[in-house]
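In what follows, a structure is listed as structure tokens, so that the remarks can point back to it.
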Amino acid sequence: QVTLVGGSFPERIPGPSGSPAFRNTTLVFGPSGTLVARYSKQHLFDISSPQLTFRESDVLTAGTELAIFDAGAGFLAGLGVCFDVRFPAHATRYVAEHGANLLVYPAAFNHLTGPMHWHILARARALDTQCYVLLCSPALAEAACEPGYNGYRAYGHTLLVAPNGNIVAELDHDGEGVLYASLTLSDVAEARAMLPVAAHLRAGGSKSPIAQPI
């Protein structure tokens with residue numbers, strides 16, 4: 001009896017004038033195997049540096065809707081994908097408009113941005129929203145450690161951050177693993193009672209639409 005967040009993949013959609021377009025989409029399946037949420041990445045990853053150049057916006061179309069799902073045990077989870085974690089307003093809308101207490105981001109930071117920003121961003125979004133924040137990353141491929149490797153180097157470090165900003169559990173980067181951790185609603189309640197940030201959040205003029213799973 002698990003809820004499965006299935007990473008992300010390029011989803012083909014109709015584009016302008018009937019030509020195909022693609023979104024970076026994640027699917028969530030409930031304990032019965034039913035598709036319960038579908039989310040497409042809203043903030044596309046562009047980077048230009050001497051070490052790495054990557055332009056997601058050249059090939060992908062940004063999503064426009066939030067997606068939320070019942071994760072069980074009283075947890076209501078909002079979804080983001082990778083670069084979305086850099087945008088506080090994206091995270092806080094889930095709390096202000098939809099009452100989320102868990103945020104889940106399938107993500108694959110690289111070896112340039114990962115060491116600089118991965119942990120900071122996870123903890124910042126937890127503090128912004130007083131939610132649990134789960135960042136799920138691929139492990140570093142063994143081939144990426146070989147001389148001459150020119151592919152993408154995932155940073156790894158899948159981690160869970162508590163509503164008070166503390167890291168609850170974390171994997172390393174150099175191999176596959178499974179992260180086990182306990183989440184409690186009392187941690188969310190305690191953080192929000194001590195500093196009632198969520199009570200003072202201001203939503204926009206209208207609610208962000210929720211994507212339908214199908």
Side-chain angles (χ1 to χ4, degrees), residues 2-49 52-71 76-91 93-94 97-98 100 102-114 117-118 121-122 125 133-144 149-158 176 204 206-214:
V2 300
T3 297
L4 177 66
V5 180
S8 70
F9 65 99
E11 177 189 19
R12 181 170 174 162
I13 60 172
S17 304
S19 60
F22 297 89
R23 296 184 298 199
N24 190 344
T25 296
T26 186
L27 304 177
V28 182
F29 298 89
S32 67
T34 302
L35 180 65
V36 296
R38 176 194 298 266
Y39 172 82
S40 294
K41 186 178 185 180
Q42 294 188 7
H43 304 93
L44 302 180
F45 175 52
D46 291 350
I47 183 172
S48 179
S49 77
L52 177 67
T53 299
F54 196 93
R55 288 189 54 82
E56 224 176 20
S57 61
D58 286 347
V59 294
L60 294 178
T61 298
T64 58
E65 299 176 316
L66 300 180
I68 199 160
F69 65 95
D70 182 352
L76 193 61
L79 284 168
V81 173
C82 205
F83 202 56
D84 285 329
V85 76
R86 292 184 178 273
F87 297 85
H90 177 269
R93 284 202 305 271
Y94 276 117
E97 300 175 9
H98 305 291
L102 168 64
L103 300 175
V104 181
Y105 297 88
F109 275 38
N110 56 68
H111 269 250
L112 176 63
T113 60
H117 302 148
W118 179 260
L121 288 169
R125 295 298 79 81
V133 172
L134 178 61
L135 268 58
C136 308
S137 172
L140 177 67
E142 291 183 7
Y149 178 79
N150 293 317
Y152 194 85
R153 301 173 188 264
Y155 179 60
H157 292 274
T158 289
E176 296 179 359
S206 60
K207 282 192 173 184
S208 303
I210 289 292
Q212 298 302 312
I214 56 175

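These figures come from a predicted structure and were not determined experimentally.
Contact detail for Gly80 and Pro106: the closest heavy-atom pair is O-CD, 3.1 Å. Scanning both residues, Ala139 and Ala154, for their nearest heavy atoms gives O-CB, 4.1 Å. Nearest heavy-atom pair across Leu135 and Ala122 is CD2-CB, 3.9 Å. When all heavy atoms of Pro16 and Ser19 are compared, the closest pair comes out as O-OG, 2.7 Å. For Pro138 against Ala108, the heavy-atom pair with the smallest separation is CD-CB, 3.8 Å. Looking at every heavy atom in both residues, Ala100 comes nearest to Gly78 through CB-N, 4.3 Å.
Residues passing the side-chain hydrogen bond (donor to acceptor under 3.5 Å, both in side chains) test with His117, sequence neighbours excluded: Arg86. For Ser57, the side-chain hydrogen bond (donor to acceptor under 3.5 Å, both in side chains) partners two or more places apart in sequence, or in a different chain, are Asp46, Arg55.
For Thr26 (side chain) and Ser8 (main-chain N/O), no donor-acceptor pair under 3.5 Å exists by modelled atom type. Judged by distance alone, the side chain of Tyr94 and the main-chain N or O of Leu79 form a donor-acceptor pair under 3.5 Å. Judged purely by atom type and a 3.5 angstrom limit, Trp118 uses its side chain to pair as donor or acceptor with the backbone of His157.
Here the side chains of Phe45 and Leu60 are not in contact, with every heavy-atom distance at 4.5 Å or above. Using a 4.5 Å heavy-atom cutoff, the side chains of Pro31 and Thr3 are in contact.
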For residues 33-41, which side-chain donor-acceptor pairs fall under 3.5 Å, sequence neighbours excluded?
residue: Thr34; atom: OG1; partner: Ser32; partner atom: OG; Å: 2.9
residue: Arg38; atom: NE; partner: Pro213; partner atom: O; Å: 3.0
residue: Arg38; atom: NH1; partner: Glu11; partner atom: OE2; Å: 2.7
residue: Arg38; atom: NH2; partner: Pro213; partner atom: O; Å: 3.3
residue: Tyr39; atom: OH; partner: Gln42; partner atom: N; Å: 3.4
residue: Tyr39; atom: OH; partner: Asp84; partner atom: OD2; Å: 2.7
residue: Tyr39; atom: OH; partner: His90; partner atom: NE2; Å: 2.9
residue: Ser40; atom: OG; partner: Arg23; partner atom: NE; Å: 3.3
residue: Ser40; atom: OG; partner: Thr25; partner atom: OG1; Å: 2.8
residue: Lys41; atom: NZ; partner: Glu56; partner atom: OE1; Å: 2.7
residue: Lys41; atom: NZ; partner: Glu56; partner atom: OE2; Å: 3.2

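Aromatic ring centres of Tyr155 and Phe109: separated by at least 6.0 Å.
A side-chain contact (heavy atoms from CB on, under 4.5 Å) with Ile68 is found for exactly one of Val28, Ile210, Leu102, namely Ile210.
The OG1 atom of Thr158 lies 7.5 Å from the CG atom of Leu134; values are rounded to the nearest 0.5 Å.
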